[in-house]
Amino acid sequence: MALKKTYSKDKKTCTVTFSVSKEAAHGAEHVTIAGDFNNWSSTDTPLTKDKSGTFSTKIKLDAGKEYQFRYLLDGKHWENDWAADKYIPAPFSHTDNSVVIC
């Protein structure tokens, strides 16, 4: 799993590329991302699978903020991004949420 950040010239927005490697996907056919930026929708933001089996998507976010998120594999299994900037305890479960800092 990986996060790549690219800032706009005026530093007001940050485009984050969220990636889940083939190995980290554990054989999943579909991966989505849910977080603060999409009202925690488990279906609104699918990642695209490339030829190597890596899933990824780009999301434009406001700079200067933190966003919690998690990946959903095949609509069943939640995973954190182990390359996240930090982790915060999830308010509704006994797990942590990944956090990206823009």
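Sequence positions, counted from 1, serve as the residue numbers for this chain. Computed from heavy atoms alone, side chains included, the values below leave out hydrogens, waters and symmetry copies.
Nearest heavy-atom pair, V16 versus C102, reported as atom, atom and distance to 0.1 Å: CG2-SG, 3.8 Å. When all heavy atoms of A34 and W40 are compared, the pair lying nearest together is O-CZ3, 3.4 Å. Residues N97 and R70 share a closest heavy-atom pair of OD1-CD, 3.1 Å. Heavy-atom minimum distance, T17 versus S56: CG2-CB, 4.5 Å. In terms of heavy-atom proximity, Y71 sits nearest to L47 at CE2-CD2, 4.1 Å. Between L73 and A28, the shortest heavy-atom contact is CB-CB, 3.9 Å.
Remark: side-chain polar atoms of D74 are not paired, donor with acceptor, to backbone N or O of K76 under 3.5 angstrom.
A chain of hydrophobic side-chain contacts below 4.5 Å, direct or via other Ile, Leu, Val, Met, Phe, Trp or Tyr residues, connects L3 to V20. Hydrophobic clustering of Ile, Leu, Val, Met, Phe, Trp and Tyr side chains at less than 4.5 Å, counting indirect connections, unites L61 with I33. If you chain together hydrophobic residues whose side chains sit under 4.5 Å apart, L72 and F55 never meet in one group. In the hydrophobic clustering of this structure, I101 does not group with Y87; members are Ile, Leu, Val, Met, Phe, Trp, Tyr whose side-chain heavy atoms approach within less than 4.5 Å, directly or through other members.
With rounding to the nearest 0.5 Å, the separation of OG1 in T45 from CG in N38 is 4.0 Å. Atom NZ of residue K49 and atom NZ of residue K22 lie 7.5 Å apart, to the nearest 0.5 angstrom. In this structure, T13 OG1 and K60 NZ are separated by 4.5 Å, a value rounded to the nearest 0.5 Å. Between atom NZ of residue K65 and atom SG of residue C14 there is a gap of 12.5 Å, rounded to the nearest 0.5 Å.
Residues in residues 79-93 take part in these salt bridge (Lys or Arg N to Asp or Glu O under 4.0 Å) pairs, two or more places apart or across chains: K5-D85, E66-K86.
D10 CG: more than 12 foreign heavy atoms inside a 6.0 Å radius.
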Dump the intermediate steps for side-chain contact (heavy atoms from CB on, under 4.5 Å) on I59 and Y67, then the final yes or no. CA-CA 11 Å; I59 301 175; Y67 300 89; over 6 Å; no
side-chain contact (heavy atoms from CB on, under 4.5 Å) evaluation trace for T43 with T32: CA-CA 6 Å; T43 58; T32 59; 5.7 Å; no
Take F18 and F37 through the test ring-ring contact (aromatic ring centres under 6.0 Å, His included) and record every step on the way to the result. CA-CA 13 Å; F18 295 89; F37 41 77; 5.8 Å; yes
